[in-house]
Amino acid sequence: MQLLRQYAALPGRFSTPLKSRPFRAPGIIGLNAPLATALGLPPEWLKSPAGLSLLSHGLRPDGHSPVAMAYAGHQFGHFVPSLGDGRAMLVGEIQDAQGKLWDLHLKGSGPTPFSRRGDGHAALGPVLREYIVSEAMAALGIPTTRALAALTTGEDVLRETLVPGGVIARIASSHVRVGTFQYFAARGDQASLRVLTDHVIGRLYPDLATSINRALALLEAVVERQARLIARWMLVGFIHGVMNTDNMSIAGETIDFGPCAFLDAYDPGKVFSFIDQNGRYSYGQQPDMALWNLGRLAEALLPCIDPDTDSAVTMATAALTRFDQIFGETYLSGWRQKLGLMTEQKADTTLISRLLTLMHRDEADFTLTFRLLCNAVRTGDTSDVLTLFNDQTAATVWLQDWQHRLKKENVSAEERAQAMRIVNPRIIPRNHQIEAVITAAMSGNYAPFHRLTEALSHPFDDADDGFDQPPAEHERVRNTFCGT
Ligand code: AMP
Ligand code: MG
């Protein structure tokens, strides 16, 4: 196994070398063998003492240091000029068989010069949550960082009480964030902004290398990837929970799974995150917040876009304007797919929004509604769908209108049901299931973790495992807590 040092070799301001400290008794809870194999990392080696040292505290076989990456960020709207990897490290890059580079990054691996008042560690609960949710996102086909391994450290960390510590080893196309650009912009360091732009283009957007205005081309590309990403989140009911600019990836991958959650009942105003008391990052706010973050990226890039601020602003604004269009197209075509509509008709948006209004009013389960609609297409029987609604009359009228709309297309029920089943998952990682996994893991029982991650690895298949069931009243999770 060869680990590169591409990011670590950038100028000194970009990162700080770390002396990592071994944990008392690290142990692997979950190892993502298919991902490891795809990256050319033999799973058996990862389980060896050398592999464990690499995964838990970043000890590279070649003796080079892992690094903490520098970044800034707007946290809940307030700018913090220096955040950085306070409990994380970039171990290095791995080159896969296709030649693509992947970051190997650890979270919970110990203090760094960016730790501020934090302890540099992670509790096991959030580590397992990130593993479960990021792998579920990948199985749903949504761009995301991946979980390579979840580990216990054999050491406790102090949160509200003493809890077991953990480390997540994750893989990403890059860990450069909107906040990385803001870090250099805040220091007026245009030279570093240019180095960073070139680095990101080389790594993530090689087609842009020959653009006349590379900074502008990069902004446009990130706007596009983020617009598509957020639409994909919305279509599965995902709430990131803490969309600060330091948690927004330049690669357009879902990153930094903290107090994230999926909708059970449909509610556009839904917030789970305990730290988000004002609902800034509620489900329905996510497109607006993504665009707000991209505005901060645009600001950071302005001097690289054009030395004349007015023309830079004009060009950046035009790039940002594309967000709504790309988001809207991805979102609408995603909804058509979810409802089995194969052609485009003007009235489709009304059909979609009428359903969402009913779902909201009757607190219908988001995932179940669409999965049961797939079955209704196959059997012609909508009675299961109706059980999700209180107002039977209104739901019946909608179902009839929908069936009427479907009849306008010459598609067999079987073909349509199949097309719907590959976009409407049977299961998503529900909060109460994640909580149950974490509770069991706290007492050393990892079997529920393995059962849930296995089921979520094929979310579109039918199975009789009970994971499709929404929480009972007493199981409902009202708040999720940040990983800190
Ligand atoms: P997050 O909200 O988890 O994305 O983290 C925001 C910032 O706080 C990042 O700079 C993290 O490195 C830092 N941070 C979070 N938790 C800790 C911790 N336990 N120790 C040190 N730094 C932390
Ligand atoms: Mg973060």
Side-chain angles (χ1 to χ4, degrees), residues 14-16 18 20-21 23 57-58 66-91 103 105-131 133-134 144-145 147 153 155-170 172 174-184 186 239-251 253-261 271-277 280-281 289-290 293 296-297 479-484:
F14 283 70
S15 64
T16 307
L18 297 174
S20 65
R21 179 185 73 81
F23 288 102
H57 67 281
V67 298
M69 295 167 75
Y71 54 84
H74 273 89
Q75 297 193 303
F76 293 92
H78 302 286
F79 186 62
V80 184
S82 187
L83 286 167
D85 285 336
R87 53 163 170 170
M89 56 168 67
L90 175 65
V91 185
D103 283 2
H105 184 98
L106 311 182
K107 186 152 135 189
S109 45
T112 79
F114 296 107
S115 294
R116 294 172 291 156
R117 274 167 296 172
D119 60 4
H121 293 292
L124 182 58
V127 163
L128 295 181
R129 179 189 298 278
E130 172 153 352
Y131 191 114
V133 182
S134 64
T144 178
T145 61
T153 59
E155 298 177 18
D156 286 342
V157 294
L158 184 61
R159 293 300 178 255
E160 265 141 45
T161 55
L162 277 181
V163 290
V167 171
I168 181 151
R170 72 180 178 195
S174 162
H175 279 82
V176 174
R177 307 139 191 273
V178 168
T180 318
F181 284 87
Q182 291 182 290
Y183 181 85
F184 296 113
I239 309 175
H240 183 283
V242 58
M243 289 175 69
N244 294 332
T245 55
D246 52 304
N247 292 337
M248 184 183 252
S249 154
I250 293 296
E253 291 171 346
T254 315
I255 193 171
D256 277 3
F257 296 81
C260 58
V271 179
F272 285 100
S273 167
F274 182 71
I275 51 172
D276 189 8
Q277 298 288 346
R280 180 179 170 92
Y281 300 133
M289 287 299 108
N293 289 348
R296 308 291 74 77
L297 175 64
N479 280 317
T480 49
F481 292 86
C482 199
T484 49

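For ligands, and for the atoms within them, numbers begin at 1 and follow the listed sequence. When a residue number appears, it is its place in the shown sequence, counting from 1.
- In summary, the atoms of ligand 1 found under 4.0 Å from a heavy atom of Q75, numbered by their order in the structure, are 6 (C).
- Residues C260 and R129 approach most closely at O-NH1, 3.6 Å, considering heavy atoms.
- In this pair, F23 and H57 present their aromatic rings perpendicular. The plane angle is above 60°, beyond the 30 to 60° band.
- Around the Mg ion (ligand 2), the protein atoms of type N, O or S that sit closer than 2.8 Å are N247 OD1, D256 OD2.
- Inclusion of N247 in the set of residues having an N or O under 3.5 Å from an N or O of ligand 1 is warranted.
- The part of Y71 lying near ligand 1 is the side chain, judged by heavy-atom distances below 4.0 Å.
- Not a single heavy atom of G258 sits less than 4.0 Å from an atom of ligand 1.
- The ring of F14 has its center closer than 6.0 angstrom to the ring center of F184.
- One distance of note links CG of D103 with CG of L90; it measures 5.0 Å at 0.5 Å rounding.
- The D256 neighbourhood of ligand 1 comprises atoms 4 (O), with distances under 4.0 Å to a heavy atom of that residue.
- Close approach of ligand 1 to R159 (heavy-atom distance below 4.0 Å) involves ligand atoms 19 (N).
- The shortest heavy-atom distance from K107 to ligand 1 is not under 4.0 Å.
- Of the candidates M69, R177, R116, R117, R116 brings a heavy atom nearest to atom 8 (O) of ligand 1.
- Which parts of ligand 1 touch G120 is read off a 4.0 Å heavy-atom cut-off, strictly below it: atoms 18 (C), 19 (N), 20 (N), 21 (C).
- Put simply, the side chain of D85 reaches to within 4.5 Å of the side chain of H105, judged on heavy atoms.
- In this structure, CZ on F181 lies 12.5 Å from OG1 on T245, to the nearest 0.5 angstrom.
- Of the inter-residue distances, the one linking L106 atom CG with S20 atom OG reads 8.5 Å to the nearest 0.5 angstrom.
- Within the model, atoms OG1 of T16 and CE of M69 stand 11.0 Å from one another, a figure rounded to the nearest 0.5 Å.
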Intermediate values then yes/no, side-chain contact (heavy atoms from CB on, under 4.5 Å), H121 and T153: CA-CA 10 Å; H121 293 292; T153 59; 5.9 Å; no

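- Aromatic pair Y131/F257: centroids not less than 6.0 angstrom apart.
- Taking a cut-off of under 4.0 Å to the non-hydrogen atoms of D85, the atoms of ligand 1 that pass are 12 (O).
- A salt bridge is absent between D246 and R296: the closest approach of a Lys/Arg side-chain nitrogen to an acidic carboxylate oxygen does not fall below 4.0 angstrom.
- Both the backbone and the side chain of L83 come within 4.0 Å of ligand 1, counting heavy atoms alone.
- For D119, a nitrogen or oxygen atom sits less than 3.5 Å from a nitrogen or oxygen atom of ligand 1, counting backbone and side chain alike.
- Across the listed options G84, A123, P259, G86, G86 owns the non-hydrogen atom lying nearest to atom 21 (C) of ligand 1.
- Smallest separation of non-hydrogen atoms from P81 and A72: O-CB, 3.2 Å.
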